[in-house]
Amino acid sequence: MTSINSASKLAAASLVAGLLAALPNAADAQGFQCPRTGGDLVFALESQVPGLDQHTSNSTASRNVLLNIYESLVTRDENMNPTLELAESVDISPNGLVLTFKIRQGVQFHNGKTLSSADVVASYDRYKRIGLDRSVLDPVDRWEAPDASTFVIHLKERRPLFIETLSSFAVPIVIVPAENASAAPGQLPAVGTGPFRLDEFRADSFVRLRRFDGYRTDTRYSEMLGFGGSKRACVDSVTLRMMSEPAARTAALELGEVHGVEDVPAASQKRVAENRAIKISRMETFMTNVTYPNFSAPPTDNLKVRQAILAAMNFEEIMDAATEGQYKLNPGFQYPGMQYFTDAGKELLNQKNPARARELLREAGYRGEKVVLLTNRQFPLMYNTSLVMAEQLKAAGINAELEVLDWPAALQKSQRETAGWNFFFTFWSGVVAQGGPQTLRQLAEPNPVYKSPNNVVDPAFMAAFNDLNTAPELAQRQAAFARAQRIAIEQVMAIPFGVGPKTHAVRTNVENYKPYYITRFSNVWMRP
């Protein structure tokens, strides 16, 4: 198995030793082999897919499709450690400033073109220009391609977490053909190097993927690890049906109209689990239910109004409605037991204090201005959260009103517009699992999700975030994360209500399906 050492190990070694791909074992020389091939795997998604440009989308629904199509130089394994994907190896110079990636040979794009370093350069250029998480490349001075199989990154300064950051799949730097890299945001043709290629996309209806016969599996591995490792398309095709109504989605699974679903509602789980034709599995800490405000629109441009809204809410009531009782409260942006977990700022969460809210509203000079909660019905978690939050705000004297759009429209409005909404509802799943630095990146410059005016973020938060990414010792980075989390909660940059599970289910003739933070179809096969 080939993997990259954790960032903490890199820091401890002072980045002197290069990261080299381990030689494959003889037994692994062919990588994963499909026990059976063929068939159309029909899988039900719980929402619409808002688009197919992975560089500019942080939607889980999009990643559920696109990470089966695209690949990156480095990604994360099953335990969220960085691991090589399109990179054959990566060597780090003794001073820690130069990273030299050797690119796997013989990899093809879905259009038949052979991957080269020119495609990597073009992909990084596009991401630097318009990528949603383009701040990950801020530490880079330049990159270059000295030959067709080599890509070199020159850093401005040592960054102990750079490989970890680069390997994030929240908004990954997927590699695309150089000729497609000039595509405008949202217009990127879905041509990658992954085991599946795009066959058909009908908005609001379905996406169909087909096996890419030219895919070159990574034989250094014996199995799939996260989105890395040895991957093969065992089924001929995957049809992803967009089925946002939970009861209809579950009924389709029970009737055999679909082979799998990414979410079984709590009310149906006992019945589904008793069905001998269905296999059910659950990830206990799948997501953090979260809302974040709009700093650029009144009245949430006023800190005291945001703090009043935070003070007014009862998180137990919200999470109970959002998850049908399947939840845990959590005092922050990481889970207990994780490397960066802290409860800094917890006293400001779940205050259940309408009287304090009214006091803060008086101090803010609030005069009953409308607070628009931007939500959708496709995700019951988000819709129910917004419903209960609206009632709690009204009880504290806040003029709360829902704006209900479909999921793609709500997401696009939150990303592109700074008027007409005050709170947006979503959940953070894989981004939390990938660790503290990745979780807080979406609150930092240059593209904070809460629409800070001119994208300028609180200087104390940015100082803590910078320390989180540059401090050489883990203890220093943990302290920086705690400072940043406290500031984020004090400033009400985002409100983490609590943690909820995700229950997947597939028919028993579907083999080797393994739940993950993003739906994976590689190495899955079907029996007749």
Side-chain angles (χ1 to χ4, degrees), residues 46-47 58-61 63-64 170 244 246 262-267 269 282-294 306 309-336 338 341 343 345-346 348-352 371 373-393 400 402 404 407 410-411 414 421-434 436 438-440 442-443 449-450 485 488-489 492-504 515 517-518:
E46 63 179 318
S47 76
N58 62 356
S59 167
T60 299
R63 287 197 300 271
N64 280 340
S244 59
E262 65 173 335
D263 181 70
V264 179
Q269 287 172 15
R282 179 160 143 165
M283 299 177 66
E284 291 295 339
T285 53
F286 174 78
M287 63 83 190
T288 292
N289 186 18
V290 67
T291 185
Y292 47 80
N294 182 347
R306 299 197 303 271
I309 289 170
L310 180 58
M313 286 186 286
N314 181 324
F315 287 12
E316 285 102 331
E317 290 182 355
I318 288 172
M319 287 300 296
D320 188 62
T323 67
E324 300 178 85
Q326 296 183 344
Y327 71 92
K328 295 178 182 178
L329 296 185
N330 189 53
F333 300 116
Q334 291 284 272
Y335 305 141
M338 296 183 71
F341 173 76
D343 62 4
K346 70 174 182 179
L348 299 174
L349 300 175
N350 196 28
Q351 294 180 53
K352 297 178 284 190
V371 174
L373 309 183
L374 178 59
T375 190
N376 71 92
R377 294 183 187 272
Q378 278 73 31
F379 285 99
L381 171 97
M382 302 176 198
Y383 184 66
N384 292 336
T385 295
S386 64
L387 281 178
V388 178
M389 178 173 165
E391 294 306 309
Q392 291 180 354
L393 297 191
L402 298 187
V404 184
W407 168 242
L411 179 64
S414 76
W421 66 278
N422 295 100
F423 275 89
F424 175 69
F425 296 83
T426 186
F427 61 83
W428 293 346
S429 55
V431 69
V432 176
Q434 290 178 85
Q438 306 314 311
T439 305
L440 294 188
Q442 56 203 331
L443 305 182
V449 293
Y450 49 87
Q485 176 174 291
I489 295 173
V492 198
M493 297 176 176
I495 301 173
F497 292 117
V499 178
K502 173 71 78 174
T503 301
H504 297 241
Y517 293 97
I518 305 297

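Ring geometry for H504 against F286 counts as perpendicular: the plane angle is over 60°, on a 0 to 90° scale with 30° as the lower cut.
The minimum heavy-atom distance between R306 and P293, with the atom names listed, is CD-CG, 3.8 Å. For A494 against W428, the heavy-atom pair with the smallest separation is CB-CH2, 3.9 Å. The two residues P336 and N330 come nearest to each other via the heavy atoms CD-OD1, 3.2 Å. Across all non-hydrogen atoms, the minimal contact from P331 to F341 is CG-CZ, 3.9 Å. Nearest heavy-atom pair across F315 and P496 is CE2-O, 3.5 Å. Closest heavy-atom contact between S47 and Q378: CB-CB, 4.4 Å.
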What do the steps show when you test Q485 against Q334 for side chain to side chain donor-acceptor pair (under 3.5 Å), and what is the final call? CA-CA 10 Å; Q485 176 174 291; Q334 291 284 272; over 6 Å; no
Check the pair E262, N64 against side chain to side chain donor-acceptor pair (under 3.5 Å), reporting the backbone distance first and the verdict last. CA-CA 10 Å; E262 65 173 335; N64 280 340; 2.9 Å; yes
With side-chain contact (heavy atoms from CB on, under 4.5 Å) as the criterion, how do F333 and V432 come out once you've worked through the C-alpha distance, each side chain's angles and the decisive distance to 0.1 Å? CA-CA 7 Å; F333 300 116; V432 176; over 6 Å; no
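When each of Q326, Q269, E284 is checked for a side chain to side chain donor-acceptor pair (under 3.5 Å) with T503, only Q269 meets the rule. When the options W407, F425, Y383 are evaluated for a side chain to side chain contact (heavy atoms under 4.5 Å, CB included) with N376, the one that passes is W407.
Residues K352 and E316 are paired through a salt bridge, judged by an N-O separation under 4.0 Å between the basic side chain and the carboxylate.
The distance from the OG1 atom of T291 to the CD1 atom of I309 is 9.0 Å, given to the nearest 0.5 Å. Distance check, rounded to the nearest 0.5 Å: OG1 of T60 to CD1 of I518 gives 5.0 Å. Expressed to the nearest 0.5 Å, how far OH of Y292 lies from CG of L443 amounts to 9.5 Å. A distance of 11.0 Å separates CZ of F424 from OG of S386, quoted to the nearest 0.5 Å. Between the CG atom in L329 and the NZ atom in K346 there is a gap of 12.0 Å [rounded to 0.5 Å]. Distance CD/Q392 to CG/N314: 5.5 Å, rounded to 0.5 Å.
By the 4.5 Å heavy-atom criterion applied to side chains, Y517 and V431 are not counted as neighbours. Considering only heavy atoms from C-beta on, D263 comes within 4.5 Å of K502 through its side chain. By the 4.5 Å heavy-atom criterion applied to side chains, N58 and L411 are counted as neighbours. Looking only at side-chain heavy atoms (C-beta outward), F497 and M313 come within less than 4.5 Å of each other. In this structure the side chain of P265 never reaches within 4.5 angstrom of the side chain of P380, judged on heavy atoms. Proximity of R377 to S244: side-chain heavy atoms (C-beta onward) are nowhere separated by under 4.5 Å. Using a 4.5 Å cut-off on side-chain heavy atoms (C-beta onward), F423 and I495 make contact.
A donor-acceptor pair is defined here as one N or O able to donate and one able to accept, closer than 3.5 Å; no such pair exists between the side chain of E324 and the backbone of A321. Under a 3.5 Å cut-off, the side chain of S59 and the backbone N or O of A61 do form a donor-acceptor pair.
Less than 6.0 angstrom separates the ring centroid of F379 from the ring centroid of F427.
A side-chain donor-acceptor contact under 3.5 Å links T385 and N289.
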